Structures are given as C-alpha cells and as structure tokens.
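Structure first, then comments.
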Amino acid sequence: MTQAQERAKQLAAEVQQAVREAKAAEVRVKELSDALLQALAEAKAEAEVEQTIVEYPTGRYECKGCRQIVLFTEPKRVLTPCDNCGSTEYIGAEPTITRIAPPPPKKFPAGMYACIGCGTRVALAIDMDELSPCEMCGIVGVKPV
C-alpha cells in the first residue's frame, strides 16, 4: 500500500469515528433538551406557587381530627399541627389568598430553539428579551424547536 493510500485509509477511519461521535452527541443533545424542558416546566410550576400567598387570620380554630380548640394569636401562612392529635386541618376562618401579578412576558421564553441561520440548537434557561449571536454562524435569530 502506498503512503497516500495509507493516509487516505487513516483519514476515512477518522471521518467514520467523527460521524459516530456526532451521532452520539446528537442523541445526547436530545436527552439534554428533554431534561431541560422538564426542568423548565418544574421551575414554572414553582414560580406559580411562589406567586400565591395563603395567610390564615388570627382567631379561634377547631381541629378537624379531635375537635380541640386552638387559638392562633398571629396570622400564619401554614397552620401548625394540633398539639393533641397532630392534624393540620382546622375548622375556622377562611384564609386570605393573595396572588402576585407576574411580570410581563419576555420576547423569548425559556426553552429550546434553533438558529434561523444554521439550525444549531440553542437552549435558553431563562426568559430573555434579547439574544446574543449564534456561536456557530453569528446570526441573531431563533425559532422554537
């Protein structure tokens, strides 16, 4: 085998290895994308919970479990367990529920996008109004995946 043929054989093997690595990377990107979308859904749910404040007023409450009377002298966000039976369910004043208005939505919500120039996947972990240029082609612009 000539030296040029040997080099061509070696380069062909390297190309095949690079293709295998690229396919494995593509699978890994898909797995990470799915995990990111799940994490973003969980973060959104947590943020919605944080925007709701439940406060129980002061007053006389009756334990649903054992009917013991409990007097709360200050407002509470979470009712403490009954000293007698440990239940946290009471009959008494209804809680005040306050919902905090969320900020206005950003132009690009967190999620997976593809560059409009080269198709490279872009992951946004937080909502954004402005994007930085694509690391691969330099174009500023994405579309949802």
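Along the sequence shown, the residues carry numbers beginning at 1. Please read all numbers here as calculations on a predicted model, not as lab measurements.
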- Task: Verify side chain to side chain contact (heavy atoms under 4.5 Å, CB included) between Leu11 and Glu14, making sure each step is shown before the conclusion.
- Result: CA-CA 5 Å; Leu11 288 171; Glu14 287 181 25; 4.3 Å; yes
In this structure, OG1 of Thr52 is separated from CD1 of Ile100 (nearest 0.5 Å) by 8.0 Å
Go through Leu131 and Val142 one step at a time and tell me if the side chain to side chain contact (heavy atoms under 4.5 Å, CB included) criterion holds.
-> CA-CA 9 Å; Leu131 299 173; Val142 294; 3.4 Å; yes
One should read off an interatomic distance between Thr98 OG1 and Glu55 CD, to the nearest 0.5 angstrom, of 7.0 Å
* Asked: Are Met128 and Val140 connected, step by step, through hydrophobic side chains (Ile, Leu, Val, Met, Phe, Trp, Tyr) whose heavy atoms are closer than 4.5 Å?
  -> yes
Here the gap from Phe108 atom CZ to Asp127 atom CG, rounded to the nearest 0.5 Å, amounts to 11.5 Å
All heavy atoms of Ile139 vs all of Ile116, minimum pair found to be CG2-CG1, 4.1 Å
Give the C-alpha distance, both sets of side-chain angles, the deciding distance and a yes or no for side chain to side chain contact (heavy atoms under 4.5 Å, CB included) between Cys85 and Cys63. CA-CA 9 Å; Cys85 71; Cys63 175; 3.5 Å; yes
Side-chain donor or acceptor of Asp129 paired with backbone N/O of Lys106 under 3.5 Å: no
In this structure, OG1 of Thr120 is separated from CE of Met136 (nearest 0.5 Å) by 5.0 Å
Query raised in the report: Is it true that Lys9 and Glu6 make a salt bridge, defined as a side-chain N closer than 4.0 Å to a carboxylate O?
Result: no
Interatomic distance, CD@Glu42 vs CD@Glu46, rounded to 0.5 Å, equals 7.0 Å
Quick one: does any side-chain atom of Asn84 pair with a main-chain N or O of Gln68 as donor and acceptor, under 3.5 Å?
no
I'd like to know if the side chain of Arg20 pairs up with that of Gln17 as donor and acceptor (distance under 3.5 Å, no hydrogens or angles considered). yes
Is the distance between the ring centroids of Phe72 and Tyr61 under 6.0 Å? yes
Looking only at heavy atoms, the pair that brings Met112 and Leu36 closest together is SD-CD2, 3.5 Å
| query | Tyr90 side chain to Cys82 main-chain N or O, any donor-acceptor pair under 3.5 Å? | reply | yes
Under the 3.5 angstrom rule, does the side chain of Gln5 hit a backbone N or O of Thr2 as a donor-acceptor pair?
yes
